[in-house]
*Asks:* 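Let me begin by handing over the structure; questions about it come next.
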Amino acid sequence: MAERTKSWEKRLSGEPDELTVDFVESLSVDRRLYKYDIVGSIAHAQMLAEQNLISKSEFKAIKAGLIEIGDEIAQGRFKFDKRYEDIHMAIEAALIAKIGQAGEKLHTGRSRNDQVATDIRLWMRDQIEILQAKLTLLQKAFVELAAEHTEDVMPGYTHLQRAQPVVIAVYLLSFVEQFERDFIRLKNCRSLVNISPLGSGAIAGSTLPIDRKSTAGQLGFSDISYNSIDAVSDRDFCAEFVFDCALIAAHLSRLAEDWIIYSSNEFGFVRIDDRYCTSSSMMPQKRNPDVLELIRAKTGVVYGSLMAMLTILKSQPTGYNRDLQEDKTHIFAASDVVSRSLDMAAAIASNTKFDTGKISARLDEGFLDATSLAEYLVKKGVPFREAHGIVGSLVADCERQNKKLAQLSLDELKKYAARIEQDVYEHLGAKNVVCRYITEGAAGPDQAKRQITYWNKQLSQR
Ligand code: ARG
């Protein structure tokens, strides 16, 4: 049987089954790495020239050829042929077709194994910055909305039951905190991503004098990897990146869930702008929060990518395995989904109105001030556990009489605890309560204003 036509497959006889061609190709997925593949190759070629492994003029031809190929891909003029399997071979083949023998020297001291690991790291470094910028925009939208509501009170919920009053600003800023941790996680992830595997070759490095620090420096990596076997096998950073995406998605899904509930007729706390709602094909009155529902659902897609990524890594024998090719599908999917959801969330947050009238009209329901009353008793010298019991009985009594705590007379209150005095009324009612929070980070207006000052300063530096 005749040898294969592809130069790197001369060891194999006959052409591959068409099914194999379709099955092994990753070009349809990894073509989006082309820019990184090209800058990585230019750095590698420059290093080869520095090390006299190729001549200066060969380097120049390689560089010019790769830049042309990059332009062709960017302009949609490049013909992707899946028989070249992946973006690395597609570009190398095009380069050889363009510049001839110099192109044949590009892959000196390199394998697709260290090449693809390098490309992914370069891509991820950029993607992390993009996601961080989007997180920052979202945080800014939340801080801006929070600044409008530092005095407005809403119920704080635990178990989705009314718990204690909070100012709306602090509720909103709770998301800014979550997104901040997402930002920091990505920053930490970046430090592990920003290491150059280039020069590790297929698994064992090279007998040629490859200068790994040169390529790492050119590509802006902070260091090189120090074990060639690990460098080509390692995709921990991919799992970590997808995990970071998954937590962003988790946070977005909580926000989506809140606002889907809050925009319902039953709550009526927020009005999502019409631009982010859809209607019903049958019920003419409907304003549905579909965008938020899709943000919530897409979290499942990202979790799927995380599970896929972890499972791909499981039990792989040491060294590079083709299994690793499947990583890209999931890092791309996770980051694409999260990227779009972040954009949507920021747009929605910038256009959502809190209906403070509706919220405050029902603030006296649900005994939001019960804990404040118990703490009032503590200030009067009653042990907390006893105070808790007294207020529990008072609430039960109020429920029987269909009254609020603040509607009880001083005499009625005194029947439960003799130490209660006229000043008790300053501790009742949701609005009074929020102004009495004195702990750092509490959900009152003073703390809200301090938090907003902090975030404005923090976020303006980004
Ligand atoms: N397309 C491959 C990937 O994404 C590139 C490396 C292939 N290496 C190999 N020896 N087959 O992982």
Side-chain angles (χ1 to χ4, degrees), residues 4-12 15-17 19-41 43-44 66 69 73 78 80-96 106-127 193 195-206 210 215 225 228-239 241-242 305 308-336:
R4 288 212 182 164
T5 43
K6 286 185 287 190
S7 65
W8 73 95
E9 288 186 340
K10 290 292 178 200
R11 183 217 180 297
L12 303 173
E15 290 303 321
D17 189 327
L19 281 172
T20 306
V21 173
D22 278 339
F23 200 69
V24 302
E25 72 87 22
S26 58
L27 193 50
S28 49
V29 175
D30 63 20
R31 64 175 67 181
R32 67 190 276 182
L33 291 175
Y34 81 90
K35 275 189 208 155
Y36 304 101
D37 200 70
I38 285 172
V39 298
S41 286
H44 180 68
L66 287 170
I69 292 168
I73 297 175
F78 189 86
F80 287 104
D81 180 345
K82 66 186 175 195
R83 280 175 309 139
Y84 289 115
E85 289 191 12
D86 54 30
I87 189 65
H88 325 295
M89 297 316 290
I91 290 176
E92 190 187 310
L95 181 70
I96 293 167
L106 172 62
H107 213 51
T108 307
R110 188 176 72 170
S111 156
R112 276 186 290 167
N113 299 355
D114 59 342
Q115 187 178 359
V116 69
T118 305
D119 290 6
I120 298 174
R121 285 169 184 270
L122 290 172
W123 170 83
M124 198 171 283
R125 209 172 62 180
D126 278 0
Q127 206 52 37
V193 167
I195 302 291
S196 178
L198 194 55
S200 299
I203 182 165
S206 174
I210 298 298
T215 46
S225 57
S228 63
I229 302 174
D230 175 54
V232 295
S233 330
D234 165 40
R235 296 289 186 276
D236 318 357
F237 67 94
C238 291
F241 174 74
V242 179
S305 291
M309 194 62 238
L310 289 169
T311 311
I312 288 165
L313 296 183
K314 180 186 174 293
S315 310
Q316 276 194 49
T318 294
Y320 174 87
N321 303 282
R322 194 63 175 259
D323 308 45
L324 293 176
Q325 177 166 288
E326 290 294 316
D327 58 0
K328 284 169 283 299
T329 303
H330 305 291
I331 57 175
F332 291 161
S335 96
D336 288 348

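Numbering starts at 1 and runs along the sequence shown. One-based numbering, in listed order, for ligands and for the atoms of each.
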*Asks:* Please check this pair: side chain of D114 against backbone of G199, looking for a donor-acceptor N/O pair closer than 3.5 Å.
*Replies:* yes
*Asks:* Can you pull out the closest protein heavy atom to atom 2 (C) of ligand 1? Residue, atom name and distance to 0.1 Å, please.
*Replies:* Q325 OE1, 3.2 Å
*Asks:* Using distance alone, decide if ligand 1 has a nitrogen or oxygen within less than 3.5 Å of any nitrogen or oxygen in K328.
*Replies:* yes
*Asks:* With respect to atom 10 (N) of ligand 1, which of N113, D119, D30, I87 exhibits the smallest heavy-atom separation?
*Replies:* N113
*Asks:* Is R322 touching ligand 1 with its side chain, its backbone, both, or neither, if touching means heavy atoms under 4.0 Å apart?
*Replies:* side chain
*Asks:* Using only heavy-atom distances, determine whether the side chains of D119 and Y34 contain a donor-acceptor pair under 3.5 Å.
*Replies:* no
*Asks:* Quick test: of every protein heavy atom, which one is nearest to atom 3 (C) of ligand 1, and how far off is it to 0.1 Å?
*Replies:* Y320 OH, 3.2 Å
*Asks:* Quick one: does D86 get an N or O within less than 3.5 Å of an N or O on ligand 1?
*Replies:* yes
*Asks:* List every atom of ligand 1 that sits less than 4.0 Å from any heavy atom of S26, numbering the atoms from 1 in the order shown and giving each element.
*Replies:* 1 (N)
*Asks:* Should the pair D37-R31 be classified as a salt bridge under the 4.0 Å nitrogen-to-oxygen rule?
*Replies:* no
*Asks:* Ion pair present between R235 and D327, side-chain N to carboxylate O less than 4.0 angstrom?
*Replies:* yes
*Asks:* Among S233, S200, S206, exactly one meets side chain to side chain contact (heavy atoms under 4.5 Å, CB included) together with S228. Which residue is that?
*Replies:* S200
*Asks:* Taking atom types as modelled, find out whether R322 and Q325 have a side-chain donor-acceptor pair closer than 3.5 angstrom.
*Replies:* yes
